[in-house]
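Predicted, not measured: the structure shown is a model, and the values here were computed from it.
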Amino acid sequence: MAKNPLRVLVTGAAGQIGYALVPMIARGIMLGPDQPVILHMLDIEPAAEALNGVKMELIDAAFPLLKGVVATTDVVEACKDVNIAVMVGGFPRKEGMERKDVMSKNVSIYKAQASALEKHAAPNCKVLVVANPANTNALILKEFAPSIPAKNITCLTRLDHNRAMGQISERLKVHVSDVKNVIIWGNHSSTQYPDVNHATVTTSKGEKPVREAVADDNWLNTEFITTVQQRGAAIIKARKLSSALSAASSACDHIRDWVLGTPKGTWVSMGVYSDGSYGIPEGLIYSFPVTCEKGEWSIVKGLKVDEFSRAKMDATAEELAEEKTLAYSCLN
């Protein structure tokens, strides 16, 4: 029997990431090849014409799964009855701007969008925040949409997770699908901690721990970590534009696994509301290893944390606590 369409909101839809993301959603990459969708696209007034151009292209592409397109600059219309919201729109940091200025702009954007989602989205709407600072934007959204369950508000660290797997696969000259269970701990920023201590790789001789296969602790504890942390900046330097394609693809991965489930024995990284696991303070949106089943995520419990990892995990938690204080100071 044909499924009912799901309504998927993409904010900042006329931007680079939005432009890469909407065709992926319309093609079934996010929700599966048999799930019809109605796309809701929101952008700001100055981008209205470009947004209409994106709508025209979606119509021209004749996607079989795409059952409708709403392109609007009205946040209420955009949020109406949406089942999934991918929050790509935000205020980017510009040259010469202080962190507090960026935070203040994003706090006001996410406060307004949170209240529209709370009032108009479908019950049990799942929210993914992509725009930076992603963890703290998600926290603000949670604050101003109190009736949306905390477990339904997440932020994107899957891009970092995929980057970490990509680096390991390149290093070991194996296919990326042979690498699993890396972890991104913490903030989607340069303090995040890509951790391979529990990751494995499938080789011709069976499954091996990544650490053993790489056999270079110095590389894993230094260059590997900084490469993943600074990959976004490296791409901007090379492209003169941000990493839109990989961010869009990772957003699809994040939602797909959340809605359809993670493969058995595999976990992924998601920025979720901390319940105090691994000694991370409650009240932060922090990236943990999670498994997903029946539309719910669960933090993977009981992983051994060594001294090196503990210090890295605490440092990124500390940065998130500072961002939270800064964001809350912008509310007053």
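- Annotation: side chain of N152 is not in contact with side chain of Y273 (no heavy-atom distance under 4.5 Å).
- No path of Ile, Leu, Val, Met, Phe, Trp and Tyr side chains, each step under 4.5 Å between heavy atoms, connects I17 with V129, placing them in separate hydrophobic clusters.
- Taking CD1 of I153 as the reference point, atom CD1 of I140 lies at 11.0 Å (rounded to 0.5 Å).
- Of the possible donor and acceptor atoms, one in the side chain of N106 sits under 3.5 Å from a partner among the backbone N and O of F91.
- Proximity of I168 to F224: side-chain heavy atoms (C-beta onward) are separated by under 4.5 Å at one or more points.
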> How far apart are the C-alpha atoms of S250 and L156, what are their side-chain angles, what is the distance that settles it, and do they pass the side chain to side chain contact (heavy atoms under 4.5 Å, CB included) test?
Replying inline: CA-CA 8 Å; S250 303; L156 187 71; 4.3 Å; yes
>> D314 vs R310, test: salt bridge (charged side-chain N to carboxylate O under 4.0 Å, His left out). Steps then yes/no.
In response: CA-CA 6 Å; D314 288 348; R310 182 78 263 164; 3.0 Å; yes
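- Of the N and O atoms on the side chains of H120 and D81, not one donor lies less than 3.5 Å from an acceptor on the other residue.
- Of the inter-residue distances, the one linking L9 atom CG with I25 atom CD1 reads 9.0 Å to the nearest 0.5 angstrom.
- Residue E307 qualifies as open at atom CD: its count of foreign heavy atoms under 6.0 Å is 12 or below.
- No continuous path of ILVMFWY side-chain contacts below 4.5 Å connects V8 to L117, so the two sit in separate hydrophobic clusters.
- To the nearest 0.5 Å, atoms CG (L139) and CG (L284) are separated by 7.0 Å.
- A side-chain donor-acceptor contact under 3.5 Å links T203 to the backbone of G206.
- One finds the NE2 atom of H161 at 12.0 Å from the NE2 atom of H254 (value rounded to the nearest 0.5 Å).
- Hydrophobic clustering places V210 together with L303 (ILVMFWY residues linked when any side-chain heavy atoms are closer than 4.5 Å, directly or through intermediates).
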I'd like a table of donor-acceptor pairs (distance under 3.5 Å, sequence neighbours excluded) in which one partner is a side-chain atom from residues 320-327, with atom names and distances.
| from | atom 1 | to | atom 2 | distance (Å) |
| --- | --- | --- | --- | --- |
| E323 | OE1 | T136 | OG1 | 2.5 |
| E323 | OE2 | N187 | ND2 | 3.1 |
| K324 | NZ | G283 | O | 3.0 |
| T325 | OG1 | A321 | O | 2.9 |

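- In this structure, CD in Q113 is found 5.0 Å from OG1 in T11, a value given to the nearest 0.5 Å.
- The minimum heavy-atom distance linking C155 with A138 is given by the pair CB-CB, 4.1 Å.
- Taking the salt bridge (charged side-chain N to carboxylate O under 4.0 Å, His left out) definition, one finds that R256 meets it with D253, sequence neighbours left out.
- Between the side chains of S309 and N197, at least one donor N or O sits under 3.5 Å from an acceptor N or O.
- With hydrogens and angles disregarded, a donor-acceptor distance shorter than 3.5 Å links the side chain of T222 to the backbone of N218.
- Residues S277 and K301 approach most closely at OG-CE, 3.1 Å, considering heavy atoms.
- Cluster annotation: V76 and V86 are assigned to distinct hydrophobic clusters (Ile/Leu/Val/Met/Phe/Trp/Tyr, side-chain heavy-atom contacts under 4.5 Å, transitive).
- Although no hydrogens or angles enter the test, the distance criterion places no donor-acceptor pair under 3.5 Å between the side chain of D178 and the main chain of V174.
- Closest approach of V176 to G166, counting heavy atoms only: CG2-N, 4.0 Å.
- For the pair W297 (side chain) and K151 (backbone), a donor-acceptor distance under 3.5 Å is present.
- Residue S298 holds its OG atom at 8.0 Å from CD of E293, rounded to the nearest 0.5 Å.
- In this structure a side-chain-to-backbone donor-acceptor pair under 3.5 Å is missing from Y286 to N135.
- Residues Q229 and I225 meet the side-chain proximity criterion, which asks for heavy atoms closer than 4.5 Å.
- For the pair E143 and Y110, the minimum side-chain heavy-atom distance is 4.5 Å or more.
- Annotation for A317 and I280: closest pair CB-CD1, 4.3 Å, computed over non-hydrogen atoms.
- At least one cation-pi condition fails for K312 and W185: the charged atom is not both under 6.0 angstrom from the six-membered ring centre and inside a 45 degree cone around its axis.
- S242 has its side chain out of reach of I235: every pair of non-hydrogen atoms, C-beta onward, lies at least 4.5 Å apart.
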> Could you go step by step and tell me if V22 and L58 meet the side chain to side chain contact (heavy atoms under 4.5 Å, CB included) rule?
Replying inline: CA-CA 8 Å; V22 291; L58 284 168; 4.1 Å; yes
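- No donor-acceptor distance shorter than 3.5 angstrom exists from the side chain of S249 to the backbone of L245, with no hydrogens or angles considered.
- A side-chain donor-acceptor contact under 3.5 Å links T191 and E319.
- Residue E318 places its CD atom among 12 or fewer non-hydrogen atoms of other residues, nucleotides or ligands, all under 6.0 Å distant.
- Within a 6.0 Å radius of NZ in K240, other residues, nucleotides and ligands contribute more than 12 heavy atoms.
- Smallest separation of non-hydrogen atoms from E118 and I148: OE2-N, 4.0 Å.
- When side chains are defined from C-beta on, S115 does not count as touching K111, because their heavy atoms never get closer than 4.5 Å.
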> Run the side chain to side chain contact (heavy atoms under 4.5 Å, CB included) check on V259 and K126 step by step: do they pass?
Replying inline: CA-CA 9 Å; V259 172; K126 287 178 160 56; 4.1 Å; yes
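- Residue R171 comes nearest to D216 through the heavy atom pair NH2-OD2, 3.0 Å, listed as atom of the first residue, atom of the second, then distance.
- Within the 3.5 Å criterion, the main-chain N or O of A121 finds no donor-acceptor partner in the side chain of N83.
- Within 6.0 Å of atom CZ in R231, 12 or fewer heavy atoms from other residues, nucleotides or ligands are found, so the atom counts as exposed in its surroundings.
- Defined by atom type and a distance below 3.5 Å, a donor-acceptor pair is present between the side-chain atoms of T72 and E77.
- Looking at heavy atoms from C-beta onward, M30 lies out of side-chain contact with M24 at the 4.5 angstrom threshold.
- A distance-only check finds a donor-acceptor pair linking the side chain of T226 to the backbone of E223 [under 3.5 Å].
- For T154 (side chain) and G271 (main-chain N/O), no donor-acceptor pair under 3.5 Å exists by modelled atom type.
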Report all side-chain donor-acceptor pairs from residues 31-48 shorter than 3.5 Å, counting only partners two or more places apart or in another chain.
| from | atom 1 | to | atom 2 | distance (Å) |
| --- | --- | --- | --- | --- |
| D34 | OD1 | K3 | NZ | 3.4 |
| Q35 | NE2 | N4 | O | 2.9 |
| H40 | ND1 | A78 | O | 3.0 |
| H40 | NE2 | R7 | NH1 | 2.9 |
| D43 | OD2 | A13 | N | 3.3 |
| D43 | OD2 | A14 | N | 2.9 |
| E45 | OE1 | T73 | OG1 | 3.1 |

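- Contact check for R211 versus D217: side-chain heavy atoms found under the 4.5 Å cut-off.
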>> Using side chain to side chain contact (heavy atoms under 4.5 Å, CB included), reason through C292 and M270 one step at a time and then give a plain yes or no.
In response: CA-CA 10 Å; C292 304; M270 280 169 71; 4.0 Å; yes
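- Hydrophobic clustering (side-chain heavy atoms under 4.5 Å, transitive across Ile, Leu, Val, Met, Phe, Trp, Tyr) groups Y278 together with V290.
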